[in-house]
Amino acid sequence: FAPSPGAALFLGASTHAAFAPDAAFLSLAPRAGLRISASRGPWFAFLAEVPVAGDDRTDAILAILLGWTTPVAPRGANGG
């Protein structure tokens, strides 16, 4: 979901299961994140993931990402 060109919200989930030697449901971890970008290249993203169900609920994740994207010239701006 992107409420503006400079921001986006993302949602997801991961599951882990084992099928051998015995079947087991290990974990279910929903995640949510936010990406914010400036108009001239820098961007920031934040991600959180927390296991909520299963036999192996040990790792919570919080990530902060920083990056730079070179702005792209609009079509026709460089004669092409």
Side-chain angles (χ1 to χ4, degrees):
F1 172 70
S4 72
L9 175 67
F10 49 95
L11 304 171
S14 64
T15 61
H16 296 119
F19 296 101
D22 297 321
F25 174 65
L26 299 177
S27 68
L28 170 66
R31 68 175 62 106
L34 174 67
R35 182 199 42 89
I36 302 168
S37 62
S39 61
R40 294 288 177 177
W43 57 265
F44 311 93
F46 307 95
L47 170 80
E49 178 178 306
V50 180
V52 295
D55 297 333
D56 184 20
R57 296 180 293 173
T58 57
D59 297 326
I61 296 172
L62 177 62
I64 301 171
L65 304 126
L66 307 171
W68 183 273
T69 302
T70 304
V72 176
R75 288 186 167 192
N78 59 359

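This is a predicted model, so every value here is computed, not measured. Only heavy atoms go into these numbers, but all of them, side chains included; no hydrogens, no water, no symmetry mates.
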What pair of heavy atoms forms the shortest contact from A32 to L11, and how long is it?
CB-CD2, 3.7 Å
Taking all non-hydrogen atoms of both residues into account, name the closest pair between F46 and F10 and its distance.
O-CZ, 4.1 Å
Between I64 and F44, is there shared hydrophobic-cluster membership here, with clusters defined by ILVMFWY side-chain heavy atoms closer than 4.5 Å?
yes
Residue pairs passing the salt bridge (charged side-chain N to carboxylate O under 4.0 Å, His left out) test with at least one member in residues 44-55, sequence neighbours excluded, are R31-E49
Using a 4.5 Å cut-off between side-chain heavy atoms of Ile, Leu, Val, Met, Phe, Trp and Tyr, which other residues end up in the same hydrophobic cluster as W43?
L65
Other members of the hydrophobic cluster containing F25, with the 4.5 Å side-chain heavy-atom rule, please.
L28, V52
